[in-house]
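Structure first, then comments.
For the single chain, residues carry numbers from 1 onward in sequence order. Predicted model only: the values in this text are computed from it and were never measured.
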Amino acid sequence: MDLEITGRGTQVTAKLRAQTEEGLARIEKILGPKCMAKVVLSCEKNRCEAEVTVRNTISTFSSHTSAKDVEIALKDALDKVEMQAVKARKKVVTTRHHPDHDATGTIRRQTTEAGEVTSVKKSSATNKTGVGKAIAAIEDGEIETEEVEAA
């Protein structure tokens, strides 16, 4: 991970650098090694601010926090960016493992007792309730239309 730390009105001490590297190591585990991070630390009278921006192939994650101490502000900013990275990573994994299904249903392969492989179409009527199931059953020919009209 490429790291750039800037101090405005404050010195970037070894402790702050170590805290930053530790927090970004956790984020790097989530996002992977192809990341670029910029950290800006600034202090004024009674307020210290930390701004963390992490860019990667998925997206750009950023956080801007302020506190009375620069270490607390940096910890909060790194935690926020880590939460954003976890949320984005879960979204990518969920999309990959649960692709969208079309309205016609899915096709599954079944083997018969003789060892033949046949394709069976799973109807989208299994996802429907009430009237949707009845209409799908009529279309599939499971229910005769005369039975429906008589009822």
>> Please determine whether the number of non-hydrogen atoms from other residues, nucleotides or ligands lying under 6.0 Å from atom CZ of R26 exceeds 12.
In response: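 Yes, CZ of R26 has more than 12 neighbouring heavy atoms, counting only those of other groups under 6.0 Å.
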Check whether any side-chain N or O of [X] sits under 3.5 Å from a backbone N or O of [Y] as a donor-acceptor pair, and report yes or no.
X	Y	result
T60	R55	no
Q84	S62	yes
Q19	L74	no

Hydrophobic clusters here meaning ILVMFWY residues chained together by side-chain heavy-atom distances under 4.5 Å, can you tell me if [X] and [Y] are in one?
X	Y	answer
V40	I5	no
V12	V52	yes
M83	V54	no
I72	V39	no

Between atom [atom1] of [X] and atom [atom2] of [Y], what is the distance when rounded to the nearest 0.5 Å?
X	Y	atom1	atom2	result
L78	T65	CG	OG1	8.5 Å
M36	E4	CE	CD	8.0 Å
K87	S59	NZ	OG	11.5 Å
R47	K68	CZ	NZ	12.5 Å
K38	E51	NZ	CD	10.0 Å
E71	T20	CD	OG1	10.0 Å

> Stepwise, does the side-chain contact (heavy atoms from CB on, under 4.5 Å) test hold for L31 with F61?
Replying inline: CA-CA 11 Å; L31 297 176; F61 310 102; 3.6 Å; yes
>> Walk me through whether D79 and E82 qualify under side-chain contact (heavy atoms from CB on, under 4.5 Å).
In response: CA-CA 5 Å; D79 287 344; E82 185 178 1; 4.2 Å; yes
What are the two closest non-hydrogen atoms of [X] and [Y], and how far apart are they?
X	Y	answer
C43	C48	SG-SG, 2.6 Å
A77	A50	CB-O, 4.0 Å
A85	I30	O-CG2, 3.8 Å

>> For a salt bridge (Lys or Arg N to Asp or Glu O under 4.0 Å) check, start with the C-alpha distance between D76 and K80, then their side-chain angles and the critical distance, and finish with the verdict.
In response: CA-CA 6 Å; D76 291 343; K80 284 184 181 181; over 6 Å; no
